[in-house]
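We name chains A, B, ... by the order of the sequence lines, and we start the count at 1 in each one. The figures that follow rest on heavy atoms only: side chains count, while hydrogens, waters and symmetry mates do not.
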2 protein chains.
Amino acid sequence: MKAPCPFTGPRPYHHGDLRRALLDAATRILDRDGQGGLSLRAVAREAGVSPAAPYHHFKDKSELMLAIAEEGFDQLSDYIRRTTNMSALPMERVAAIGLAYVEFAKSHPAVYRVMYDCSRDSDAMPDKAHDAEDGAFSLLKRAMIDMGVASPDQETDLELACIAAWCAAHGLAEMVGFKQFDALKAEMGGEKAFLAGVLSHLGMFGQARSRA
Amino acid sequence: MKAPCPFTGPRPYHHGDLRRALLDAATRILDRDGQGGLSLRAVAREAGVSPAAPYHHFKDKSELMLAIAEEGFDQLSDYIRRTTNMSALPMERVAAIGLAYVEFAKSHPAVYRVMYDCSRDSDAMPDKAHDAEDGAFSLLKRAMIDMGVASPDQETDLELACIAAWCAAHGLAEMVGFKQFDALKAEMGGEKAFLAGVLSHLGMFGQARSRA
DNA sequence: AAGCCCATCTTGACACCGTTCAGATAAGTG
DNA sequence: CACTTATCTGAACGGTGTCAAGATGGGCTT
């Protein structure tokens, strides 16, 4: 099956890689219309295909969303990896990870929502999320160890510290857009300062303030 | 209009207080079937009324959910108020607030979801949420001041500290149910210990560990 | 090269959803 | 009592997830 398509006349009956096209269409819709605009039919429409076509690649709508979520966690991992300078001080590294996390959530809000909706609803997703985020999670772990939050032999406590950081970042990522903080943000002279201020109160992100 | 109904023959044509009944039906559905089972028609069915009836009390489905969210924030506030011992030490008070917050979210997961979905989507909700939660939020503020996190004259910093605590609690509340933490919970001998452990790493909740 | 197989895609249908609108009902008002 | 008005019903519209049956054509066997 050779790769067909790129705008050469009418799309061939067999698409080539519809699965990929559907996932792209879905994230495009999410970024454009938000979570409310994400319907299987809309995705099929956006990909230029009949409403039943997706069922040959995903058993369910929830399975499509799961695939989106997996890719989202991969991208998040990549983004954090890219923006984390391994030669920086441990504290700055942790702060940078937290900021990168929130920035990602802010730049793809709907995708981020889908990621955590799936993590909550699906039994399979949490493990996948953990796997996919393993890159980012281990970066965090390393930085936490270097920071002296917990020694490597206190594995349980270290894990707890990382989970705490993760929870804090997630909470902040979800709430940073709340309108009721607008006044405070303005008073502080921008969202960046607000973000740094909040992070500075969250134990492990204490160094964030110096980056404002 | 006398109060009718309680199982005396067929329900009278005019319900009496359908708005109340719809909200009750909605929360019942949320607790029973989760967020996915919440449709306007299902709510109407549960209340024993035609699909179009709710439109005389809510202009929209989103307005119904908004009302549910408002009641949720009220209940959350009440719960935190009830479980906060004002004569306890400030640190213990903060820790108790955090635990109560997470416990509420765990006991009404679907309602909690609706609460924050509305806070994100609606322009009106965030203010309402803040107002409704003012009781709980001011409890937190007081405890934070007593704890010495920030002096009352550093109003901005105090606000930031409270927001940080709120974010952390929200993140934990959303993630505490993740399956991927099950192993760690078991290893620690229960979810309570896990919760206390995570909270102990989140700055302002440092005292939580002593309550495990 | 011919022919078959089967993954892929389409068409059409079903039940359910949010929403609207015309009409039925009954509660309150004069 | 008559009349107004809020409340509720019934039927209808377009959109959704999902499924079964049929059309299509790429790749394998021969």
Side-chain angles (χ1 to χ4, degrees), chain A residues 1-6 8-26 29-30 32-69 110 114 117-118 121-122, chain B residues 1-5 8-26 29-30 32-68 110 114 117-118 121-122:
Chain A
M1 183 190 298
K2 72 176 166 68
C5 216
T8 79
R11 184 183 50 73
Y13 196 89
H14 287 63
H15 186 287
D17 193 356
L18 182 55
R19 190 190 149 90
R20 180 71 269 143
L22 288 171
L23 288 174
D24 290 346
I29 289 176
L30 280 174
R32 178 175 7 106
D33 311 321
Q35 205 176 1
L38 186 72
S39 69
L40 255 189
R41 293 178 108 103
V43 172
R45 218 161 11 216
E46 174 92 12
V49 97
S50 94
Y55 284 87
H56 293 269
H57 301 269
F58 305 95
K59 123 172 153 341
D60 232 28
K61 181 187 182 183
S62 70
E63 217 180 63
L64 206 211
M65 311 225 321
L66 218 112
I68 298 172
V114 169
D117 283 352
C118 287
D121 297 342
S122 153
Chain B
M1 183 192 298
K2 73 179 168 65
C5 215
T8 77
R11 183 183 52 71
Y13 195 90
H14 285 64
H15 186 287
D17 191 357
L18 183 54
R19 189 191 149 91
R20 181 70 267 143
L22 288 171
L23 287 174
D24 291 345
I29 289 177
L30 280 174
R32 176 174 11 103
D33 310 319
Q35 203 177 359
L38 187 72
S39 68
L40 254 190
R41 294 178 106 105
V43 172
R45 219 171 311 148
E46 174 91 14
V49 95
S50 95
Y55 285 87
H56 292 268
H57 301 270
F58 305 95
K59 117 170 156 346
D60 229 35
K61 182 187 183 183
S62 70
E63 215 180 65
L64 207 210
M65 312 226 319
L66 217 113
I68 297 172
V114 170
D117 282 351
C118 287
D121 298 342
S122 154

> State which residues pass salt bridge (Lys or Arg N to Asp or Glu O under 4.0 Å) with A:Arg20; sequence neighbours excluded, sorted by chain then number.
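A:Arg20: salt bridge (Lys or Arg N to Asp or Glu O under 4.0 Å) contacts with A:Asp24, A:Glu71.
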> If I compare all heavy atoms of A:Gly37 with all of A:Ala42, which pair ends up nearest, and what's the gap?
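In this case the closest contact between A:Gly37 and A:Ala42 is O-CB, 3.8 Å.
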> How long is the straight-line distance from CZ of A:Arg45 back to OG of A:Ser50, given to the nearest 0.5 Å?
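Here the rounded value is 12.0 Å.
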> Any protein N or O atoms within reach of nucleotides 16-21 of chain C? Criterion: under 3.5 Å, listing atom names and distances.
{"unit_1": "C:dC17", "atom_1": "OP1", "unit_2": "B:Ser39", "atom_2": "OG", "d": "3.2"}
{"unit_1": "C:dC17", "atom_1": "OP2", "unit_2": "B:Arg45", "atom_2": "NH2", "d": "2.7"}
{"unit_1": "C:dG18", "atom_1": "OP1", "unit_2": "B:Leu40", "atom_2": "N", "d": "2.8"}
{"unit_1": "C:dG18", "atom_1": "OP1", "unit_2": "B:Lys61", "atom_2": "NZ", "d": "3.3"}
{"unit_1": "C:dG18", "atom_1": "OP2", "unit_2": "B:Leu40", "atom_2": "N", "d": "2.9"}
{"unit_1": "C:dG18", "atom_1": "OP2", "unit_2": "B:Arg41", "atom_2": "N", "d": "3.0"}
{"unit_1": "C:dG18", "atom_1": "N7", "unit_2": "B:Arg41", "atom_2": "NH1", "d": "2.4"}
{"unit_1": "C:dG18", "atom_1": "O6", "unit_2": "B:Arg41", "atom_2": "NH1", "d": "2.8"}
{"unit_1": "C:dT19", "atom_1": "OP1", "unit_2": "B:Asp60", "atom_2": "OD1", "d": "3.3"}
{"unit_1": "C:dT19", "atom_1": "OP2", "unit_2": "B:Tyr55", "atom_2": "OH", "d": "2.9"}
{"unit_1": "C:dT19", "atom_1": "OP2", "unit_2": "B:Lys61", "atom_2": "N", "d": "3.1"}
{"unit_1": "C:dT19", "atom_1": "O5'", "unit_2": "B:Tyr55", "atom_2": "OH", "d": "3.1"}
{"unit_1": "C:dT19", "atom_1": "O4", "unit_2": "B:Arg41", "atom_2": "NH1", "d": "3.4"}

> In this structure, how many angstroms lie between the P atom of C:dA7 and the CZ atom of A:Arg19, rounded?
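The answer, rounded to whole Å, is 17 Å.
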> Figure out the NE2/C1' separation between B:His56 and D:dT5, and round it to whole Å.
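Taking atom C1' of D:dT5 as the reference, NE2 of B:His56 is at 12 Å.
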> Once you round to the nearest 0.5 Å, how far does CG of A:Leu66 lie from CG of A:Asp117?
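With rounding to 0.5 Å, CG (A:Leu66) is 11.5 Å from CG (A:Asp117).
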> Measuring only between side-chain heavy atoms, which start at C-beta, is A:Val43 closer than 4.5 Å to A:Val49?
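Result no, sub-4.5 Å side-chain heavy-atom pair not found.
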> Can you list, pair by pair, the side-chain donor-acceptor contacts under 3.5 Å of residues 53-62 of chain A, counting residues two or more places apart and other chains?
{"unit_1": "A:Asp60", "atom_1": "OD2", "unit_2": "A:Ser62", "atom_2": "OG", "d": "3.0"}
{"unit_1": "A:Lys61", "atom_1": "NZ", "unit_2": "A:Leu38", "atom_2": "O", "d": "3.2"}

> Within the structure, does a side-chain N or O atom of B:His57 lie under 4.0 Å from either OP1 or OP2 of D:dC8?
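So the side chain of B:His57 is within the cut-off, an N or O lying under 4.0 Å from OP1 or OP2 of D:dC8.
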> How long is the line joining CG of A:Leu18 and P of C:dC9, in whole Å?
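To the nearest whole Å, that distance equals 5 Å.
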> Can you measure A:Asp17 atom CG to C:dT8 atom P for me and round it to whole angstrom units?
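Whole-Å distance recorded here is 10 Å.
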